[in-house]
Every structure is written in structure tokens, then in C-alpha cells.
Amino acid sequence: MTTPAPIATVLLARPVPQAYDYLAGDADLAVGQVVRAPFGNSQALGVVTGFRDRPENPDVRLKAITEALTTPAVPNRTLDFVRWLAWYNQHPEGAVLKMALRGAEPAKRPRKTPIPEPNPDHPGRTLNPSQHSAAASLGQALDDHMFSTWLLDGVTGSGKTETYFAAIAHLLRRDPTAQVLVLTPEIALSGDVGARFADRFAAEPPLWHADIAEGRRKQIWQAVARNQARCVIGARSALFLPFQNLRLIIVDEEHDSSYKQEEGLTYHARDMAVARAHIEQAVCVLASATPSLESQWNAAASKYGHLRLGERAGGAQKPDLQLVDMRATPPDNGTFLAPPLRQAIAETLAKGEQSLLFLNRRGYAPLTLCRTCGHRLTAPGGENYLVEHKHTGRLVCHLTGFSMRKPKACPECGEETLVSVGPGVERIAEEAQETFPDARVEILSSDLSDTPKVVAARLKAMEAGEIDILVATQMAAKGHNFPNLTLVGVVDADLGLRGADLRAAERTFQVVNQVAGRAGRAEKPGRALIQTYDPDNTTMQTVIRQDREAFVRAELNERQALGLPPFGRLVAVVVSGKTLGQVEAAAETLARTAPQAAGFDLYGPAEPVHGRIRGVWRRRLLLRADLGKDVQGYLKAWRQSYRLPRSVTVQFDVDPQSFF
Ligand code: ADP
């Protein structure tokens, strides 16, 4: 094979908007070939995207490609996906390519053990009728070999995982080259799904996430590109792997907010999974017990097929849900567990069963306050409160990672009168331990997750019954199986409803439902007690009645009235920089230069919830567009119409999820 033309266009894995011309030289090149090429004073990794006979710009002296790497080519459809994602989210193509090339360089030391082949004929469970019919629809869709998206919708424990395993088995049997991607929102959950996959298919699947070792990363990348890895389980970055024949993408827990990459290259992995499936003409399955409003809306509009799983698989019952009115039965001073919840924990302990206390707040206390002068401890150069972590004795900014030893005296007035205000999981664990001295109390939160192993070990201990009371953040809301867990206490169900977030109610509904669904997964009936100061709130009421339809109706009505997603589109624009005056001026410039167009509204500039982080000032604008408008075209025109000082950064976030 020789190179078809003297000039190759190469997209570099650098923040460049497009491919550049290079002299092909005598290297054997083809589209998709991974190469190294000079860029400025350094060498950059890139991919050949095409060939031409004459340079685009005859006045530029072209440089030659340095080397072609001995690594498999990136498939065309993977490159199409990279370009599409860059366009949709308005990122430089090269920056997106960089994600697709993580692991592309040949391993130095190739691994001897290949990635094991999953065995679809390894016996699985006998599906119940509703699982069977859902799996049959997916099987038919896979046989059709066309793009389609399915919402796999069923309460926690209804057997969604078994159902999509059946679809995977069907595919692997039918098509010896088909590949499958299972996305999970978190590493810990990848492991959980991975273990079940290994059980079902008698083969350990490759797990792909941010923390895998470099050698393993390369092995997986190459195996995927060579079609020697049939099924990958991974976090959102697995979307960029160079699949040869991707036929099926499963997005597990599709409603989970961590699918949205919020910093740097923003994108929503769930939506991008649907886009990738479209490009690959593959089947996409979105699985959830509490689907996002967008997905429910798409299912209702018949854009997605809707597969419902009814009853819980294996005979487990729905948990009994009760609100604990914190006004009527308040906890003792300085404590956070109200009498009804304490009593329920005592009863559960007496039966030798397990309890889960859920609070979506890491650390010991979310605020440290001086009782003398009222000073609240914040991060330097920021306005964010520092969170106390007792096990390390430090105050931590959860936004920036800044931390300091907790001082004895108030840095403002010098008095030794600092108090911890409010609870985090550490404080709840402390209270639980003091109240039940003989109980085995443990914490599960992402603070432990420097090593995913610690999290995995704790989940195992819980599963094995070695923990009586697990105090957990939303890490526990996910699909773990704890057969002896029969009580869930939601410590503060109002937490999610504070703050000006479009999705606050939706998230509260989801998380309370998910956590409550952890109780009574095996044969034992479970119950969930939900502590709230606002028991009459619509969200609380619909949670208690498990009336998702009513919740969705109310929420969709509200959004429709405001033209918000899914009845309109949003783009968040964040302007940031070191000088407040410059940031404010830039935000004004942006507002002034925004194109006037029918169907687009611009709000702001406004001061965000976090107006200053690590000494960097921030202002935000919000663009709203009617459905069907060319949002990307609008953004492109807008970005060409202003000039800003280099000291100011502008970030566009298409389909934003949070509003900080
Ligand atoms: P979901 O993904 O909806 O939470 P799972 O697929 O994890 O549900 O199933 C919940 C539990 O029920 C698991 O322990 C699973 O092994 C079991 N299970 C699922 N389907 C069946 C079935 N058809 N027969 C027996 N047990 C099942």
C-alpha cells in the first residue's frame, strides 16, 4: 500500500479547529491512520483525515509527517462522531479527537493475556414475561440493523440489567463481529455491572474509565480498534473508543447527572451516545428507574421506543414509603435523626437487618461559623463555604479542592468559638454510632474513592452483611444489590430543592426514588423513611405516592410554559477572568453583540451562584432557543462578532445541566 497523494490532511489532538496539510512523505498512509507530526515546536499525535494533490494554501511551506504509528486506524465513523460532537458542543475538533486517541499509542510491553471473549450461551436467568417481551423488541431492533433508541423503564430491581444482558447475548450470538458498549455513570458502578457481566457471560469485561493504568488503557484501545474486544463497560469517556462494528450502546442509569461533563469539553454523554448510535446505525438503550424528563418526553413523542418492566423481578416487593415530618417530630438539639427514623433503625438492628442512611453531602459539616463574630469560613479568593472533614481534620472547598487544617480560633476575631453547622455523612455516622454503640457503622462517599478499591471493598462488606448501618452519599443510589437491606432513611429530602436549579425537583424525585428502591431487593420487604420540613410539597407528595406520571405532568407543564427543555433549548455562557472589571465588560460585550434573531432570547449577564472561584471572577448569560432553531449556527455567528481581551475566557455549554 502506498500513499494515494502527496499531501495528507491531519487532524491533530490539540485544541485546533480543523485538519491541516502535511507532506505525506513515503509513509504508508490511509484515512484514519494515527500519526505523529510537527506542531509548533513540538510533536503532536493526530489522525489522517484525507488526501489532496495541492495544498490548500500554496504560500505555506508544508512540514512532513514525522511517523505513522503501528497502531490500528481510527474507523471513519469514529471520526465522524468526533466531528459531530465538536460541532454540536462548539468545541475545537482537535480537542475532541484528543479524547478519542487516549490509549492509541502502541503499548511498549504488549500484554500476553487477550481480552476474554464473552460467552452468550452461558446460561442466564429465565426472563419473566415483561423482561422477555422487552428483550424480544430489542432483539428485533438489533436484527433490523438500523438506528433506534429505546427507553428501558422499570423500577429498581425490575430486572433491567438482566434484560439488556439478554439483548447483548442475542447480538453476540447473531453477529460474530458485533461490539457492545455499556455506559455507567460512575467507576464504582462500572465495577458492579462488570461483576454481573462476568457472571452472566463467563468472561471479565474490560472496564474503561479515567483511572485505569496506562498499559491497560492501551491494551483496551487497541483491542477495541482491532475488534478483539466485544463488549466494553465504561464511564462516559468510553464513548470515544474506536469501535469497528458498534451495534449496541446501553446507557445505564440514563438520568444520572454525572453523564454531563461540566468542565472543559462539555458534553452530555447520554445524548452523545444516542448521536453515536445514529452515526453507527446502531441500537441505543437508555435504562432507568427514574428516566429524565427529556427521555420520557421523547418516548411519549414516539421518538424512542418505550419498554416498561412492571413488577420487581424475583418476587421482591416495593418498599413502603413514609414521610417523616420534621416539624411534628423534630430531632433532639444538635442531632439530625428524628425519633421515627431512630426507632426504625433500632427495629431493623434488632431483626439483624441492614439500614442505609442517605445524605448527599460529603464531609462532616457544610459550614464552619464563628459564634462570636458570625464569620463564615470560605476558600481564599472565593465565596464558597469550606466543608469540614473530620477524619482528616481539614476544611475543604468542594469546588476547587483547596484545603486547610481546621483552625482552633476564628481567623477574623481570634476567639475560639468556631462551630460546625449542619450535617454531612461523617456527622450522621457519628450520631448513628453514638446512638447505637454496638452497631457496625460505615461511610460510603466519594471521599473514599481515591482508590475505587476502597469503595468496592465497602460495597462488598455491605453485601456480605458486615455493616449494620451504611451512611452514604448518592453513590449508594445506584444499582447496587444489598439483599439484607430493609430500611432506607433519607436524612434531608429537602436538600435538592434548595437553590435555583431548573432540575432541582426532578433530581430530588429521582434520588429519593432510587435510594428508596435499595430497600427490600431480595425476599424481605423494605421500607423508606424520608425526613422533610415540607411534607406538602408536590415533589414529596408524588414521591410518596410513587406517582411518576403526576410528577412528570406537573413538571412538563411548568417547563412548557417557560419554553424550557424539552420544549426549547438552552446554552449557558460563562465569562471568567482574574479582573472583575474586565469580566463584567466582556459579559456586557457578549450581550450587546448577540445576534438578534426570532426564536432566541438572551438572559443576563448575571452573577452566578459561584461568582468567584480560586480568585477567578465569573459572570453568566443564558441563551434560550425555540425548538428547531439552528443553535450551533447562531453560536458560530455570535462568536465571530466580538473581540475580547485574551485575559478573559468564554465558555459555551450547550444543554447545560447545572446553573452555577
Ligand atoms: P434492575 O437493573 O432493574 O435494577 P436487575 O436486573 O438488577 O434489576 O434485577 C434485580 C435482581 O433480580 C437481581 O438480583 C437479578 O439477578 C434478579 N433478577 C432479574 N431478573 C430475574 C429473573 N428473570 N429471574 C430471577 N431473578 C431475576
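Counting starts at 1 for both ligands and their atoms, following the listed order. Worth knowing before you read on, the calculation uses all heavy atoms, side chains too, and leaves out hydrogens, waters and symmetry mates. These numbers were taken from a predicted model, which means no experiment stands behind them.
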K.L.:
Hey, is Val155 one of the residues with a heavy atom under 4.0 angstrom from ligand 1?
P.N.:
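Val155: in contact with ligand 1 (<4.0 Å).
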K.L.:
Which bit of Arg125 is near ligand 1, meaning a heavy atom under 4.0 Å away: side chain, backbone, both or neither?
P.N.:
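Under 4.0 Å from ligand 1, Arg125 contributes side-chain atoms alone.
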K.L.:
Mark up the atoms of ligand 1 that fall under 4.0 Å of a heavy atom belonging to Thr126, in ascending order.
P.N.:
22 (C), 23 (N), 24 (N)
K.L.:
To the nearest 0.5 Å, what is the distance between SG (Cys284) and CD1 (Ile250)?
P.N.:
8.0 Å
K.L.:
Taking atom types as modelled, find out whether Ser292 and Arg270 have a side-chain donor-acceptor pair closer than 3.5 angstrom.
P.N.:
yes
K.L.:
Does Gly154 come within less than 4.0 Å of ligand 1, judged by its heavy atoms?
P.N.:
no
K.L.:
Run down the list Gly159, Gly124, Ala287 and name the one with the heavy atom closest to atom 9 (O) of ligand 1.
P.N.:
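The option holding the nearest heavy atom is Gly159.
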K.L.:
Quick check on contacts: which atoms of ligand 1 are under 4.0 angstrom from a heavy atom of Asn128?
P.N.:
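Answer, ordered by atom number: 23 (N).
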K.L.:
Enumerate the residue pairs fulfilling side chain to side chain donor-acceptor pair (under 3.5 Å) with a member in residues 349-358, sequence neighbours excluded, ordered by first and then second residue.
P.N.:
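Sorted pair list: Glu353-Thr486.
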K.L.:
Checking ring pair (Phe, Tyr, Trp, His ring centres under 6.0 Å) between His278 and each of Trp84, Phe147, Phe81, which is the one that passes?
P.N.:
Phe147
K.L.:
Below 4.0 Å, non-hydrogen atoms only: which portion of Thr161 touches ligand 1? Side chain, backbone, both or neither.
P.N.:
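Both backbone and side chain of Thr161 come within 4.0 Å of ligand 1.
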K.L.:
When you look for heavy atoms under 4.0 Å from ligand 1, do you find them on the side chain of Thr163, its backbone, both, or neither?
P.N.:
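Near ligand 1, Thr163 shows nothing, with every heavy atom at 4.0 Å or more.
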K.L.:
So which pairs with a foot in residues 131-143 pass salt bridge (Lys or Arg N to Asp or Glu O under 4.0 Å), sequence neighbours left out?
P.N.:
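Found Asp143-Arg174.
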K.L.:
Applying the salt bridge (charged side-chain N to carboxylate O under 4.0 Å, His left out) criterion to Lys260, which one of Asp655, Asp271, Asp653 satisfies it?
P.N.:
Asp653
